[in-house]
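See structure below.
We count ligands from 1, going down the list as the structure has it; atoms in each ligand are counted the same way.
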Amino acid sequence: MVASAWGAAAKPPLVNYCHESYSTAIKACGAASLLIPTDQDPSDLQNILQRIDGLILGGGVDIHPRRYGEMPLPGLGEVDDLRDRMEISAVHQALKLNLPLLAICRGIQVLNVTLGGSLYQDITRQQPEALLHAPSVDKAVATHTVALTPETCIQRLMGRRRIWVNSQHHQAILKPAPGLRVTGLAPDGIIEAVELPEHRFVMGVQWHPEGTLPNDRYAKKLFQALVQAADARQTKD
Ligand code: MN
């Protein structure tokens with residue numbers, strides 16, 4: 001703790017950052033990426049989203065439970081209200097713009113909450129029978145399987161019914177939002193993948209595909225699909 005000249009604790013400066021694995025994944029698919037800082041006016045955010053071809057909502061801290069109508073329960077982690085506000089606004093605007101969207105880990109939760117769904121604030125406390133979804137292993141290590149729903153975008157993309165994924169989350173979708181299709185389940189029934197069928201490309205995964213690259217072709221397929229959807233949009237619009 002650092003004391004300021006006034007005797008009160010100094011507030012540490014906020015830092016916008018993104019793990020390099022995300023930009024490396026996008027680069028590996030032949031596209032360029034940029035980071036959108038958290039503190040945006042809605043009109044500036046709209047201007048930014050109008051100038052890009054695809055959006056990734058990445059991993060991070062918990063969403064404030066008030067965003068899905070709940071009070072904090074034991075087990076809730078750190079929250080970032082400013083980031084919640086910016087990302088919820090970004091989802092609304094991205095859907096209006098039909099911007100291809102890949103929502104990863106916290107991202108799938110932001111997508112679900114924005115559309116009216118709810119979350120487990122802490123899987124272990126609310127679902128004691130569940131698998132360990134936040135093991136102390138590197139992001140590159142596959143942890144559990146996900147069964148993909150037949151005839152969904154992600155199942156067609158992967159070309160198989162079951163894939164191995166890493167798992168670095170203590171929260172997950174509890175009540176899926178209206179309109180959001182559940183497309184992948186862990187063996188314990190925890191929701192691991194969703195999509196919005198009426199949109200060009202809106203996919204959410206609870207795992208971290210950027211963490212298992214470059215040795216996981218099923219992880220790469222997700223980023224390739226996002227980049228292809230972004231390219232197709234650029235050609236058509
Ligand atoms: Mn998991």
(request) Assess the side chains of His64 and Glu70: does a donor N or O sit below 3.5 Å from an acceptor N or O? (result) no
(request) Could you tell me whether the side chain of Asp138 and the main chain of Val141 form a donor-acceptor pair under 3.5 Å? (result) no
(message) So that I can check it, does any N, O or S atom in Gln206 come closer than 2.8 Å to the Mn ion (ligand 1)?
(response) no
(message) To make sure I understand the geometry: which N, O or S atom in His133 is closest to the Mn ion (ligand 1)?
(response) ND1
(message) Before we go on, tell me: are the rings of His133 and His144 under 6.0 Å apart, centre to centre?
(response) yes
(message) Does Glu198 have more than 12 heavy atoms from other residues, nucleotides or ligands lying within 6.0 Å of its CD?
(response) yes
(request) Calculate the angle formed at the Mn ion (ligand 1) by OE2 in Glu192 and NE2 in His144; 10° precision is enough. (result) 90°
